[in-house]
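All figures in this text were calculated on a predicted structure; none of them were measured in a lab.
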Amino acid sequence: MTKFPYIRQDFAASLVVFLVALPLCVGVAVASGVPAELGLVTGIVGGLVTGMLRGSSLQVSGPAAGLTVLVFEAVREFGLPVLGVIVLATGVLQITMGVLGLGRYFRAISVSVVEGMLAGIGLVLIAGQLYPALAATAPESGPGRIAGLPGAFLNALGDGEALASLDLGAGTIAVLVLWKTAPAKVRTVPGPLAAVVLATLAAFFLDLPVATVEVHGLLESVQPPPLAAFGELASVGLIGTVVAFTLIASAESLFSAAAVDRLHDGPRTEYDRELVAQGAGNALCGVLGALPMTAVIVRSAANVQAGARTKASRVLHGVWLLLFAALLPGALGCIPIPALAGLLVYSGAKLIPVRALAVLWREYRGEAFVLVVTAVSIVAVSMFEGVLIGLALSIVKTAWDASHLKLEVVDKGSGPIDARLSGNATFLRLPKILDSLEALPRDRPVRVDLSGLHHLDHACRTALESWAARHSAAGTELVKVTAA
């Protein structure tokens, strides 16, 4: 027992995490358009492989709702066999970045971009999962899904099967929302598991005409990518998808690690090692043709709150997932699709940072703008382009904020006019500088003091020299400029 002093706490926590992870693994796989068993494979690898490696001792990895939209688009565009290639390449990139010490730099990504990314994923996830809840087929594009929802709801009103499906999905969401108000003893069962089990029992005993999960068998679902699929790596589109997977999976995992560190007093996350651990897990998932993994805050928080003390809890949760997949695979076939859709609609709503957006709007409106634009871009265009737009906008905003410039003009009514510039003069502020200087009288001497500038870029220096050369009227003393 001295070798495993916290085995009791870790054993109990592993069961809680297993019960939270099980319905989420299945739900994410179904929503991603792949066999349900592949979600379990990723959860197993997240526990047994990533869970054993150093990095963050208490966060738990597995298939994440945050990658559902991207996986669905990748499978639709490239096919399921190529998904393994994408995930494998993602893992190799993550390992490389971790070895090169780049993991810590992911903390430099604007929080607004990350929250905007999650909000966009949440919106697309909600819009996409409402269709299976309505027993309908979702349009391919994000805007199409949102635009088609009113029609899908109207069509469901006259369809008994669609109404049964909608009622079951809505009931699942209601259980998830109200579960926190249940008695403490009842809440020992995780909300996601309770909601899915209750929905499954309701569908069975009421004989509801709803679709259920298709079961393929664990070994039949594991399909390593064929060698021919690796030829797709020459495609620019595929490379862009790999970059998107890497960026989003790494950012979500490392931001999750930072959040988990705030929940406990144990060892802090080693970001580069954690990135290597995530990469190793993704590389193996790619070889098995499974879903990509990230660290998942829902499971990680459940792990900490259940009293986990070491990484043994997350490894054991992988063991329980493996035993379930090996011994009870047929149980998956009883789970109603609308119940999983309701679970993912609820998960998608949790990704939308309503409170954080309200705080940002009050205190940092520029950051709130970046968050909203990132989210809207993901819905309107695609995941990869939306994140790039958010990153670009964040960089422009940072550059603009860094270009603080103050112009003080002292005009005593006669004699020279003194103009003093202080701060950072960059091309972003050039229109403001020139508008103010060109408004000065041309028939009086002007003295421009640039000694208060911390930075003067080439564009501004050239423009100021050009203005000084042409500003003075004939017969007026030339503009005097005190260099920075």
Side-chain angles (χ1 to χ4, degrees), residues 14-51 60-65 67-68 71-72 75 80-81 83-84 87 129 132 165 168 172 189-190 192-205 207-208 210-225 281-282 284-293 296 298-299 314-344 347:
S14 71
L15 291 174
V16 172
V17 178
F18 160 69
L19 294 175
V20 172
L22 178 60
L24 289 173
C25 286
V26 176
V28 169
V30 172
S32 299
V34 305
E37 291 85 351
L38 290 184
L40 293 176
V41 171
T42 299
I44 292 165
V45 173
L48 299 184
V49 178
T50 304
V60 183
S61 300
L67 286 174
T68 301
V71 173
F72 183 85
V75 171
L80 184 57
L83 177 64
V87 178
Q129 290 305 302
S165 182
L168 199 62
T172 303
V189 178
L193 180 69
V196 171
V197 168
L198 289 173
T200 302
L201 293 175
F204 177 78
F205 286 109
D207 195 24
L208 297 178
V210 295
T212 56
V213 174
E214 292 184 18
V215 179
H216 300 274
L218 189 64
L219 294 180
E220 290 80 1
S221 298
V222 174
Q223 297 289 337
N282 272 319
L284 181 55
C285 285
V287 170
L288 297 174
L291 291 172
M293 75 167 60
V296 186
V298 174
R299 288 168 227 178
R314 61 188 192 181
V315 175
L316 284 172
H317 117 276
V319 173
W320 310 142
L321 286 174
L322 177 60
L323 290 175
F324 178 87
L327 302 177
L328 297 170
L332 297 177
C334 300
I335 300 175
I337 295 293
L340 296 178
L343 175 61
L344 288 170
S347 299

Trainee: Using atom types as modelled and distance alone, determine if a side-chain donor or acceptor of Asn282 lies under 3.5 Å from a backbone N or O of Met293.
Mentor: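 Yes; judged by distance alone, with no hydrogens or angles, the pair exists.
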Trainee: Please examine the side chains of Leu323 and Phe18, heavy atoms only from C-beta on, and report whether any two atoms are closer than 4.5 Å.
Mentor: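 When only atoms from C-beta onward are counted, Leu323 and Phe18 do not touch, as no gap falls below 4.5 Å.
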Trainee: Thr42 side chain to Leu291 main-chain N or O, any donor-acceptor pair under 3.5 Å?
Mentor: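 Yes, because the side chain of Thr42 sits within donor-acceptor range (under 3.5 Å) of the backbone of Leu291.
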Trainee: Only one of Val71, Leu340, Leu343, Thr68 forms a side chain to side chain contact (heavy atoms under 4.5 Å, CB included) with Val28, so which one is it?
Mentor: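 That would be Thr68.
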Trainee: Step by step, work out the side-chain contact (heavy atoms from CB on, under 4.5 Å) result for Val75 and Ser32.
Mentor: CA-CA 8 Å; Val75 171; Ser32 299; over 6 Å; no
Trainee: List the atom of Pro132, the atom of Ala341, and the distance in Å for their closest heavy-atom pair.
Mentor: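 Result for this residue pair: CG-CB, 4.1 Å.
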Trainee: For the CD1 atom of Ile337 and the CD atom of Gln129, what is their distance to the nearest 0.5 Å?
Mentor: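 The distance works out to 9.0 Å.
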Trainee: Would you mind reporting whether Leu48 and Leu322 have side-chain heavy atoms less than 4.5 Å apart?
Mentor: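 Touching, per the 4.5 Å side-chain cut-off.
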Trainee: Please report the shortest heavy-atom distance between Cys25 and Arg299, naming the atom on each side.
Mentor: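 Taking Cys25 first and Arg299 second, the nearest heavy atoms are SG-NH1, 4.0 Å.
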Trainee: Does any non-hydrogen side-chain atom of Pro81 lie less than 4.5 Å from one of Pro225?
Mentor: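 Not touching, per the 4.5 Å side-chain cut-off.
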Trainee: If you count every heavy atom of other residues, nucleotides or ligands that lies below 6.0 Å from Glu220 atom CD, does the total exceed 12?
Mentor: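 Above 12, so yes.
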Trainee: Nearest 0.5 Å please: distance from the CZ atom of Phe324 over to the CG atom of Leu19.
Mentor: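 These two atoms lie 10.5 Å from each other.
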Trainee: Output the distance between atom CG (Leu40) and atom CG (Leu22), rounded to the nearest 0.5 Å.
Mentor: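 Answer rounded to 0.5 Å: 6.5 Å.
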Trainee: Please determine whether side-chain contact (heavy atoms from CB on, under 4.5 Å) holds for the pair Leu193 and Val20, giving the CA-CA distance in whole Å, both sets of side-chain angles, and the decisive distance to 0.1 Å.
Mentor: CA-CA 6 Å; Leu193 180 69; Val20 172; over 6 Å; no
Trainee: Looking only at heavy atoms, what is the nearest atom pair of Cys334 and Thr200, with distance?
Mentor: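 Answer, listing the atom of Cys334 first, then Thr200: O-CG2, 3.2 Å.
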Trainee: Show your working on side-chain contact (heavy atoms from CB on, under 4.5 Å) between Leu80 and Gln223 and close with a plain yes or no.
Mentor: CA-CA 9 Å; Leu80 184 57; Gln223 297 289 337; over 6 Å; no
Trainee: Provide the closest heavy-atom pair for Leu168 versus Ala202 in the form atom of the first, atom of the second, distance.
Mentor: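 Smallest interatomic distance, heavy atoms only, reads CD1-CB, 4.2 Å.
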Trainee: Got a second to check how far Thr172's OG1 is from Leu198's CG, nearest 0.5 Å?
Mentor: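 Here the rounded value is 8.5 Å.
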Trainee: Out of Leu321, Val60, Leu316, which one pairs with Val17 under the side chain to side chain contact (heavy atoms under 4.5 Å, CB included) rule?
Mentor: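 Option passing the side chain to side chain contact (heavy atoms under 4.5 Å, CB included) with Val17: Val60.
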Trainee: Looking only at non-hydrogen atoms, find the nearest pair between Ile44 and Ala325 and report the distance.
Mentor: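 Nearest pair, atom of Ile44 first, then Ala325: CD1-CB, 4.3 Å.
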Trainee: Val30 and Leu344: side-chain contact (heavy atoms from CB on, under 4.5 Å), yes or no, with the steps?
Mentor: CA-CA 10 Å; Val30 172; Leu344 288 170; over 6 Å; no
Trainee: Identify the two heavy atoms, one from Val189 and one from Ala194, that lie closest to each other, and give their separation to 0.1 Å.
Mentor: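 Scanning both residues, the minimum pair turns out to be CG1-CB, 4.1 Å.
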Trainee: Should Val296 and Ser61 count as side-chain neighbours, where that means a heavy-atom distance under 4.5 Å?
Mentor: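 Result no, sub-4.5 Å side-chain heavy-atom pair not found.
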